Amino acid sequence: MTLRSNRSTLTQFLIEERRRFPSASGDFNALILDVALACKGIAKAVAYGELAGMMGNHAADEGGSVNVQGETQKKLDVLSNDVFMQRTEWSGNLAGMASEEMDLPYQIPKQYPRGNYLIVFDPLDGSSNIDVNVSVGSIFSVLRAPQEVIDSGRDVVEADFFQPGTKQMAAGYALYGPTTMLVLTVGDGVNGFTLDPNLGEFMLTHPKLCIPEDTQEFAINASNARFWQVPVKRYVDECLAGKTGPRGKDFNMRWIASMVAEAHRILMRGGVFMYPRDTKDPSKPGRLRLLYEANPVGMIMEQAGGRASTGEMPVLEVQPTSLHQRIGFVFGSKNEVERIERYHREPVEVELHNPLFAERSLFRD
C-alpha cells in the first residue's frame, strides 16, 4: 500500500472547517484532536485484548466493580475512561467533563488551565461484548460551558451539563471493529474518518454521510417484547408480517447489543434502532443514557438526514434533569422513525393479530 494519498487528515478537515469562522481561537479543534488521540489509544488497547490482560471484569479478585449505572465494569471500561480523562484534561480546553463510568462531574486538576467547553462521554459502549470480540466503541458530546463557569473558573456542577441536545457543539463516536473509524459532526453534516495504521492518522474516507429515508431493516431486543408499549408492538408486528402484512414488504431484524455498531450500520445503509421505554422497570423511563449516548448519536443521525426520537418527540429537544438520566431512544431512517412517532400519537386500541411469538401446537383440530 502506498502512503501517498489525496485524502484529508482529520487535522486538515478541522482546519478547513475553522476557516469558515475566522474569529475562532482553535481551542475547539484542539479538543477534537485530543479526543481523537484518546480514541487511538483505546483502539490499541481493544486490539490487544487478552494479549495485554485486558479481558474480563475490573477488580475481578474482589468480585468486580460496579459503576453508577449498577453495571459491572470491564477492565477496558476503566482503562478507556482513564485514557479519555488523561488525553483531554491537560490542554486548557475544558471546564469539566462527565462520564458514564463516574458518579459525579470530573473537575479539571488545579495544575491545568480551564477552557470554554464541557465533554460528556461513554468511554466504551457495548463493553459487554468485549469478551466475545464484537465491535465496540466510544461516544462523545461537546457542549459549551455556561458563561458564568467560563468567567468565574469555578468547579463545574451537574446542572452545568443539563443542556438539551440542540446545544451540542459537536458529537461523534469511534468504532473499534475490523478498522477503527471516527465519525464526527461539528454541525455541518457527518463525516467518517478511518485510522490509517501506517500513518497513525484518521483519514477522511466517508464524507457527507447520508441515511436513506426508507429502510427494510430494524433493530430491537426481541426478548423484551412482552414489556413493549402498544405502538412499538404494532410497528414490529407489522414489519414481521412482511409482504402479506400492512407494510407490503419484507423486513430483516438485527440486534448487536452494541449501540455504536448499530448506529454505524444504520449510518452506512439505513435502518431503524429501537430501545424504547417499556414496562419492564416502571421506575426507569428507558435504558440508554440521554447525555452521553442518546444526544450525541441523535445529533449524528439528524445531521445525516435521519431522525432521532424518544418515540414520542425529538430526543434533542429533551431537557436533561440529571447527569445519568435514562430515556427511550429510537433513531435511523426518517420515514420509519416518523411512523413510530405517529403510532404513539394514534395508538391501536384493538388486540394485535401478528404477535412476535405466537403459541402454536403440532396438534390441530
Side-chain angles (χ1 to χ4, degrees), residues 209-282 284-288 290 293-294 297-298 300-302 304-318 326-362 364:
L209 289 165
C210 187
I211 299 172
E213 292 187 348
D214 296 294
T215 185
Q216 290 179 242
E217 287 189 346
F218 68 98
I220 194 167
N221 184 352
S223 68
N224 291 325
R226 64 195 185 279
F227 303 114
W228 292 340
Q229 295 176 329
V230 171
V232 174
K233 184 173 176 59
R234 174 187 176 187
Y235 177 81
V236 173
D237 285 348
E238 287 182 354
C239 291
L240 293 176
K243 288 183 179 179
T244 60
R247 299 299 307 275
K249 61 181 181 180
D250 291 329
F251 282 77
N252 290 323
M253 185 165 67
R254 302 282 185 257
W255 186 252
I256 306 174
S258 169
M259 191 177 68
V260 165
E262 303 275 10
H264 194 69
R265 185 190 66 249
I266 289 171
L267 199 57
M268 293 295 109
R269 69 186 194 199
V272 61
F273 172 94
M274 292 170 281
Y275 214 134
R277 182 172 187 167
D278 57 36
T279 61
K280 186 174 184 178
D281 185 346
K284 294 179 180 178
R287 169 69 174 172
L288 301 176
L290 174 61
E293 291 178 327
V297 171
I300 291 166
M301 293 295 139
E302 296 273 349
R307 187 165 177 84
S309 173
T310 65
E312 301 178 21
M313 65 175 289
V315 73
L316 298 183
E317 295 180 7
V318 175
R326 295 176 185 261
I327 199 165
F329 194 26
V330 177
F331 66 79
S333 294
K334 182 173 180 287
N335 290 342
E336 295 301 307
V337 176
E338 289 181 345
R339 177 182 289 269
I340 294 166
E341 290 176 321
R342 176 161 59 85
Y343 285 1
H344 276 85
R345 293 193 300 269
E346 304 170 353
V348 175
E349 300 294 341
V350 297
E351 183 180 355
L352 300 173
H353 299 293
N354 294 302
L356 181 62
F357 300 108
E359 292 185 3
R360 297 184 179 181
S361 172
L362 292 173
R364 303 192 178 181

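This one's a predicted model, so the numbers in the text were calculated from it and none came from an experiment. Worth knowing before you read on, the calculation uses all heavy atoms, side chains too, and leaves out hydrogens, waters and symmetry mates.
Atom CG of residue D214 and atom NZ of residue K249 lie 5.5 Å apart, to the nearest 0.5 angstrom. For the atom pair CD1 of I211 and CG of L267, the computed distance is 5.0 Å after rounding to the nearest 0.5 Å. Taking OG1 from T279 and CZ from F227, the interatomic distance works out to 6.0 Å, rounded to the nearest 0.5 Å. With values rounded to the nearest 0.5 angstrom, K233 atom NZ is found 13.0 Å from D278 atom CG. Note that the CE atom of M259 and the CZ atom of F329 stand 5.5 Å from one another [nearest 0.5 Å].
Ring geometry for F331 against F273 counts as parallel: the plane angle stays under 30°, on a 0 to 90° scale with 60° as the upper cut.
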Which atom pairs, one a donor and one an acceptor, fall under 3.5 Å between side chains of residues 310-317 and the rest of the protein, sequence neighbours left out?
{"unit_1": "T310", "atom_1": "OG1", "unit_2": "E312", "atom_2": "N", "d": "3.1"}
{"unit_1": "T310", "atom_1": "OG1", "unit_2": "M313", "atom_2": "N", "d": "3.2"}
{"unit_1": "T310", "atom_1": "OG1", "unit_2": "M313", "atom_2": "O", "d": "3.4"}

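In terms of heavy-atom proximity, E213 sits nearest to S333 at O-CB, 3.5 Å. Taking each heavy atom of P276 and V232 in turn, the nearest pair found is CB-CG2, 3.8 Å. When every heavy atom of E217 is checked against every heavy atom of F251, the shortest pair comes out as N-CD2, 4.0 Å. Closest of all the heavy-atom pairs between T215 and G270 is OG1-C, 3.7 Å. Across every non-hydrogen atom of P282 and R277, the tightest pair is O-NH2, 4.2 Å. The shortest non-hydrogen separation linking I340 to M274 is CD1-SD, 3.7 Å.
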Problem set entry | Residues I266, V272; criterion side chain to side chain contact (heavy atoms under 4.5 Å, CB included); working and verdict | CA-CA 7 Å; I266 289 171; V272 61; 5.6 Å; no
Problem set entry | Working for side chain to side chain contact (heavy atoms under 4.5 Å, CB included), residues Y235 and R247 | CA-CA 10 Å; Y235 177 81; R247 299 299 307 275; 3.7 Å; yes
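Taking the side chain as every heavy atom from C-beta outward, I256 and R265 approach each other to under 4.5 Å. Contact check for K280 versus R287: no side-chain heavy atoms found under the 4.5 Å cut-off. Considering only heavy atoms from C-beta on, E341 stays 4.5 Å or farther from H344 through its side chain.
In this structure, a donor-acceptor pair under 3.5 Å is present between the side chains of E238 and Y343.
No donor-acceptor pair under 3.5 Å is formed between the side chain of E336 and the backbone N or O of G271.
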